[in-house]
Amino acid sequence: MNSTKLSVNLNKIALIRNSREGNYPDVARFGQICLDAGADGLTVHPRPDQRHIRPDDVFALNQLVQQHPGIEFNIEGNPNAEAIGAYPGFMALVRQTRPHQCTLVPDSNDQLTSDHGFDLTRSGDALRPIIEELHELGCRVSLFMDPDPAQIDLARTIGADRIELYTGPYAAAHKAHNSELHTLLEQYRAATEHARHIGLGVNAGHDLNLDNLGQFLHIPGIDEVSIGHALTVDALTMGMATAVHAYLRLCHHR
């Protein structure tokens, strides 16, 4: 039986909190609920505009995860995001917390959400020393990638440990019952097989939910999925712990 780890992205809990003054809901408390429910890890994407996760959340969640051996903390974002106001810069946050995994994403400050993988023919040389520093900090490095074997080869060449497959196109095709769904799934399957063949681990994320996750995880070899938006929406109707359980059933019992 294949098993995929579930890392819960807490961005949307922070987004709700930020709509009012104070610390309600408490992001760290919801992180604890997720861990108590069996989540394998926690993910945050601290953006420079702090529209959801703030630096204080990163520090609090890092402390929380340290109290739970075997649980991983994953910080994702653009490594070139510089200090703005109370935001110290992406790499500064990583240097201070040294997460188990750092997922590098090619998003700009004004993007609503991540919507494409790296083009390493353009950014690979600049990422290489960043990856080297992250390794010195003890972080596993994952690169946000499209299912393109040639690009995945470059990820391995510049020193990445894993890739995170951007699953937005798959989720859109699944929702629309698109005729391209089968072709897309085969692309993701081939990309996963290729990545593992050259020694890379494989994560996946973006727009995965209870309707489409099971079919995607028929692809063998997915180490981890990071899910936040859909899981938080499901939690509105079924509660956070029950939502985590529902996703874990798909991840762990296939």
Side-chain angles (χ1 to χ4, degrees), residues 1-17 23 25-46 52-77 90 93-105 134-144 160-165 200-206 208-210 213 217 221-232 234-235 238-254:
M1 179 182 68
N2 294 318
S3 181
T4 299
K5 290 185 176 181
L6 172 67
S7 186
V8 177
N9 188 314
L10 294 167
N11 288 357
K12 293 305 166 66
I13 301 298
L15 183 69
I16 296 171
R17 187 269 317 276
N23 189 37
D26 185 326
V27 175
R29 178 175 177 272
F30 272 81
Q32 182 67 66
I33 291 171
C34 293
L35 298 185
D36 289 343
D40 301 291
L42 301 176
T43 290
V44 292
H45 188 148
H52 37 61
I53 291 293
R54 298 168 177 165
D56 286 350
D57 298 320
V58 178
F59 300 133
L61 291 168
N62 186 53
Q63 290 183 347
L64 172 64
V65 169
Q66 288 179 6
Q67 299 167 19
H68 295 267
I71 297 298
E72 290 197 350
F73 190 35
N74 174 46
I75 300 179
E76 61 182 27
F90 181 82
L93 279 173
V94 171
R95 291 182 189 115
Q96 293 178 69
T97 54
R98 299 190 176 209
H100 301 88
Q101 180 171 262
C102 190
T103 301
L104 304 183
V105 180
L134 291 171
H135 284 157
E136 291 173 359
L137 293 171
C139 304
R140 180 199 306 130
V141 180
S142 179
L143 299 183
F144 199 62
D161 305 293
R162 291 188 183 183
I163 59 169
E164 178 175 332
L165 290 171
L200 292 172
V202 181
N203 300 339
H206 203 87
L208 295 173
N209 57 40
L210 291 176
L213 179 61
L217 290 183
I222 304 295
D223 293 295
E224 174 186 294
V225 290
S226 174
I227 301 176
H229 181 85
L231 192 151
T232 305
D234 290 326
M238 63 177 70
M240 196 72 179
T242 304
V244 171
H245 292 156
Y247 282 88
L248 284 171
R249 281 194 292 272
L250 293 174
C251 289
H252 292 180
H253 301 291
R254 292 178 287 113

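Index from 1, following the sequence.
Residues meeting the side chain to side chain contact (heavy atoms under 4.5 Å, CB included) test with Q63, sequence neighbours left out: none. H68 meets the side chain to side chain contact (heavy atoms under 4.5 Å, CB included) test with Q32, L35, L64, I71; sequence neighbours excluded. By the side-chain hydrogen bond (donor to acceptor under 3.5 Å, both in side chains) test, S142 is found to be paired with no residue, residues two or more places apart in sequence or in another chain being considered. R95 pairs by the salt bridge (charged side-chain N to carboxylate O under 4.0 Å, His left out) definition with E133, not counting sequence neighbours. When the side-chain hydrogen bond (donor to acceptor under 3.5 Å, both in side chains) test is applied to K12, the partners found at least two apart in sequence or on another chain are H229. Residues satisfying the side chain to side chain contact (heavy atoms under 4.5 Å, CB included) test with T97, not counting sequence neighbours, are V58, F59, N62, I75, P99. The salt bridge (charged side-chain N to carboxylate O under 4.0 Å, His left out) test applied to R17 returns D57, not counting sequence neighbours. With sequence neighbours excluded, the residues that form a side chain to side chain contact (heavy atoms under 4.5 Å, CB included) with D161 are H135, R140, V141.
Test E224, E76, E72 against Q101 for side-chain hydrogen bond (donor to acceptor under 3.5 Å, both in side chains) and you get one pass: E224.
Of all the heavy atoms in L10 and G31, the pair that sits closest is CD1-CA, 3.8 Å. Closest non-hydrogen pair, H252 versus S3, comes out as CD2-OG, 3.5 Å. Pairing each heavy atom of L6 with each of C251, the nearest pair is CB-SG, 4.1 Å.
Here the straight-line distance linking atom CG of D26 with atom CD1 of I13 works out to 10.5 Å at 0.5 Å rounding. Residue S7 holds its OG atom at 9.0 Å from CD of E164, rounded to the nearest 0.5 Å. Taking CG of L208 as the start and CG of L231 as the end, the distance is 11.5 Å to the nearest 0.5 Å.
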Worked check of side-chain contact (heavy atoms from CB on, under 4.5 Å) between S226 and N203: CA-CA 8 Å; S226 174; N203 300 339; over 6 Å; no
Verdict with supporting geometry, V27 and V44, side-chain contact (heavy atoms from CB on, under 4.5 Å): CA-CA 10 Å; V27 175; V44 292; 5.7 Å; no
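With a 4.5 Å cut-off on side-chain heavy atoms, V8 and Y247 do not count as touching. Taking the side chain as every heavy atom from C-beta outward, V225 and L217 approach each other to under 4.5 Å.
For the residue pair T43/N74, the side-chain donor-acceptor check at 3.5 Å is satisfied.
The salt bridge (Lys or Arg N to Asp or Glu O under 4.0 Å) contacts involving residues 32-44 comprise nothing, where partners must be two or more places apart or lie in separate chains.
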Using atom types as modelled, flag every donor-acceptor pair under 3.5 Å from a side chain in residues 238-246 to any protein atom, sequence neighbours excluded.
unit_1	atom_1	unit_2	atom_2	d
T242	OG1	M238	O	3.2
H245	ND1	A241	O	3.4
H245	NE2	A37	O	3.3

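Within the 3.5 Å criterion, the main-chain N or O of H52 finds no donor-acceptor partner in the side chain of N11.
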